[in-house]
Amino acid sequence: MKKAEDFSEWYNDIVEKANLTDKRYPVKGMNVWTPYGWKIMRAIDTNIREEFDATSHDEVCFPLLIPEDQFAKEKEHIKGFDTEVFWVTHAGLTPLDVRLLLRPTSETAMYPIFSLWVRSHADLPLKTYQIVNTFRYETKQTRAFIRVREIHFFESHTCHADFEDAERQVREDYEILERLAKRWCIPYKLLKRTDWDKFPGAAYTVGIDTVLPNGRTLQLGSIHQYMDNFSKPYEIKYEGEDGQHRYAHQTTFGMSERLVGAIVAIHGDDKGLVLPPEVATMQAVVIPVLAKGATEAVSQAARELAEEIRQAGIRTHLDERDLRPGAKYYDWELKGVPLRVELGIRDMEKGVVTLVRRDTGEKSLAHRKDAAGAVKDMLDKIAADLLTNAGSIMDASIVTVDSLDDLPDKFIRAGWCGTEECGHRIEDRTERNIIGTPVEGEGFKGMCVVCGKPTTTPVYIARAM
RNA sequence: GGGGUAGUGGUUUAGCUUGGCAUGAUACGUGCUUUGGGAGCAUGAGGCCGUCGGUUCAAAUCCGACCUACCCCA
């Protein structure tokens, strides 16, 4: 498994060997969540719930099926999705009068109901989210977690009194994202999509993008400002304090199981997965190293050690399988457990335990008395280092250019005057896509790579995964 | 969207050219010996060869369609 040589092959291999998913389900792009993969997904969902609950979003759950007429109300939206939805056309043997589709995203399921929920300014802001499966008929080649047809999906949907309050929500979403990405040790950039690449129906779209080892970008999610583009066709209106009726302004924030793919791709190495402590099902694994004559003493000591670490609030697994220690080391490295804690007769005699970091392979000794504290500190350090290192790698993959000739397979940054004409020319000439322009100012001063006009806006260009 | 490669016990693989008992490894079960970086021996179980159809006395093998996975190009 060589990540640097053939990223694609490495990714497929590791996802299978670490047992994150079972791709043998016989429908294209629909994989089985295995226990290990699902636990990681659930840890991510738990983080999401914590952050959104803490910011006064309410979890809801809307139906999977959407009637065709309801789906078709917003023109841009249906244009963007109608080639990739799954249809339900029959009930039993009877053709349906109104066909139903499997949600590709839930705007059109939710908004007719939002129009009933939102009556007055006192109902606003309405902040909801749900974690459900969505369906998109991908025509490109599928890939576990990264491009699938049944997508485990998070989506928040909010309604606001006016544009300004919706903008405030977008800024809150940026803050939530920053906290979440830190927990997952994932570096990212917020890039505003071009007008020709924004979400169907949105006023603007901000993509959350990261870079993979092969130089391609991976979109982790998006945040959209809809203004009143949906509230008008779906009649989400409220009565203001002044008695006037106004359309709500709306936003959404979506992320998916791609986060699992990103964690695999960003942190994994040739030995297997490397899980950030926050999403690791098992944060520490205790391995007793048995020796003849002392097997029971070592086993007992290992049980006590594991329990003590567990009591300190660390998700701890005691590996008592009848395998050689080396086999266990390889196994847990493949599974990405952040920290290995070894206890053998030699450690016991010295009153220590051996800690081995998954990310660096570095070994260290900790006093047995303070083992739990040492494990906790080490996990914090691992998380901090994972984020720092991944951030450096992403920064190093960004290359600023002033010409479009001989571009490397990197995340390209170049000046852009902002016109659609020059934008299309950039995409045609580079045979890559404009991912977007930075949301946060970057103090850029340069010239448009096409027309040469001075500009303070850089544009990010890449092949997307 | 266009082109290509491949599907054989859980995984991997031989057999396909030239139709005739499906081969090994690994993983798995059991027993004993082992245990600080992938243990050894013994023994056991597991496959109607991706699906459907065609040719044939006979198909994993030849032909067709489909499904799925992977690769390359747009």
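Note that the structure is a prediction, hence the values are computed from the model and not measured. Every chain is numbered from 1 and lettered A, B, ... according to where its sequence line falls, protein lines coming before strand lines.
- Toward the 5' end of RNA chain B, the nearer of the two residues A/Glu9 and A/Thr295, judged by each one's closest nucleotide, is A/Thr295.
- Comparing the P positions of B/U35 and B/C49 gives a spacing of 46 Å, expressed to the nearest Å.
- A/Arg143 and A/Ser8 form a side-chain donor-acceptor contact under 3.5 Å, judged by distance and modelled atom types alone.
- One can find a donor-acceptor pair under 3.5 Å joining the base of B/G36 and the side-chain atoms of A/Asp347.
- Relative to the side chain of A/Asp322, the nucleotides B/G37, B/U34, B/C71 differ in distance, and B/U34 lies closest.
- Using a 4.0 Å heavy-atom criterion, one finds that A/Ile287 contacts no nucleic acid atom at all.
- With 3.5 Å as the limit, one finds a donor-acceptor pair spanning the side chains of A/Glu342 and A/Tyr329.
- If you check B/G38, B/U35, B/U11 against the side chain of A/Val289, the one that comes closest is B/U35.
- Among the heavy atoms of the strands lying under 4.0 Å from A/Gly29 are primed sugar atoms or P, OP1, OP2 only; no base atom is included.
- Counting to the nearest Å, the C1' atom of B/G36 and the CG atom of A/Leu323 are 15 Å from each other.
- Side-chain N/O atoms of A/Tyr226 and A/Glu107 include a donor and acceptor closer than 3.5 Å.
- Residue A/Tyr330 and nucleotide B/G38 are classified as a stacked aromatic pair, their ring centres being separated by less than 5.5 Å at an interplanar angle below 30°.
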Start with the C-alpha distance between A/Ser106 and A/Glu155, add both sets of side-chain angles, then the distance that settles side chain to side chain donor-acceptor pair (under 3.5 Å), and finish with yes or no.
CA-CA 8 Å; A/Ser106 299; A/Glu155 50 184 326; 2.6 Å; yes
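- Under the 3.5 Å distance criterion, the side-chain polar atoms of A/Glu442 are left unmatched by any main-chain donor or acceptor of A/Phe444.
- Between the side chains of A/His224 and A/Thr205, at least one donor N or O lies within less than 3.5 Å of an accepting N or O.
- Not a single donor-acceptor contact under 3.5 angstrom links the side-chain atoms of A/Glu333 to the base of B/G38.
- The partner of B/C16 is absent, by the rule that a Watson-Crick or G-U pair needs both atom distances under 3.5 Å.
- The distance from atom CE of A/Met348 to atom P of B/U35 is 17 Å, rounded to the nearest whole Å.
- Counting to the nearest Å, the P atom of B/G29 and the CZ atom of A/Arg321 are 11 Å from each other.
- In the set B/G36, B/C70, B/U35, the nucleotide with an atom closest to the side chain of A/Lys292 is B/U35.
- Rounded to an integer number of Å, the gap from A/Arg463 CZ to B/C72 C1' is 13 Å.
- Taking atom C1' on both nucleotides, B/C67 is separated from B/G50 by 8 Å, rounded to a whole Å.
- B/G24 and B/G44 are spaced 14 Å apart, taking the P atom of each and rounding to whole Å.
- The distance between atom NZ of A/Lys140 and atom C1' of B/C73, rounded to the nearest whole Å, is 12 Å.
- Summarising the geometry, the separation between NZ on A/Lys328 and C1' on B/U34 is reported as 13 Å, rounded to the nearest angstrom.
- Distance check on atom P: B/C71 versus B/C48 gives 29 Å, rounded to whole Å.
- Side-chain N/O atoms of A/Gln141 include one lying less than 4.0 angstrom from OP1 or OP2 on B/C70.
- Judged by Watson-Crick or G-U wobble contacts below 3.5 Å, the nucleotide B/A22 has no partner.
- What separates CE of A/Met30 from P of B/A69 is a distance of 11 Å, to the nearest Å.
- Across all strands shown, B/A45 has no partner, as no Watson-Crick or G-U wobble contact with both distances under 3.5 Å is found.
- At least one side-chain nitrogen or oxygen of A/Lys23 sits closer than 4.0 Å to the OP1 or OP2 atom of B/C70.
- Ranked by how close their nearest RNA chain B nucleotide is to the 5' end, A/Asn31 and A/Asp331 are led by A/Asp331.
- Listed nucleotides B/G38, B/C71, B/U68 differ in distance to A/Ser8; the shortest reach to its side chain belongs to B/C71.
- For the P atoms, the distance from B/G15 to B/A6 is 13 Å, rounded to whole Å.
- Relative to the six-membered ring of A/Trp332, A/Arg340 misses at least one condition, a distance below 6.0 Å or an angle of at most 45° to the axis.
- Going from the P atom of B/C62 to that of B/U18 covers 9 Å, rounded to whole Å.
- The partner of B/G53 is B/C63, judged by Watson-Crick or G-U wobble contacts that both fall below 3.5 Å.
- Judged purely by distance below 3.5 Å, without hydrogens or angles, the side chains of A/Asn229 and A/Glu74 never pair a donor atom with an acceptor atom.
- Among B/U35, B/C70, B/C71, the nucleotide with an atom closest to any side-chain atom of A/Thr142 is B/C70.
- With distances taken from any side-chain atom of A/Lys28 to the nucleotides B/C70, B/U68, B/G36, the minimum falls on B/U68.
- The interatomic distance linking A/Leu290 (CG) with B/G37 (C1') rounds to 15 Å, in whole Å.
- Within 4.0 Å (heavy atoms only), A/Thr354 reaches at least one base atom of the nucleic acid.
- Checked against B/U35, B/A69, B/C71, the side chain of A/Arg324 finds its nearest nucleotide in B/U35.
- Judged by the 6.0 Å and 45° rule, A/Arg103 forms no cation-pi pair with A/Phe135.
- Taking the P atom of each, B/A25 and B/C32 are spaced 24 Å apart, rounded to whole Å.
- B/A42 and B/U51 have their P atoms separated by 35 Å, given to the nearest Å.
- In this structure, B/A39 and B/U33 make a Watson-Crick or G-U wobble pair, each of the two defining distances being under 3.5 angstrom.
- Phosphate contact (OP1/OP2 of B/U11, side-chain N/O of A/Arg24, threshold under 4.0 Å): present.
- Across all strands shown, B/A58 forms no Watson-Crick or G-U wobble pair with both distances under 3.5 Å.
- Nucleotide B/A69 has B/U5 as its partner under the Watson-Crick or G-U criteria, with both atom distances under 3.5 Å.
- The side chain of A/Thr139 lies closest to B/G1 when the candidates are B/U11, B/G37, B/G1.
- Donor-acceptor pairing under 3.5 Å, judged by distance alone, is present between the side chain of A/Arg340 and the base of B/G37.
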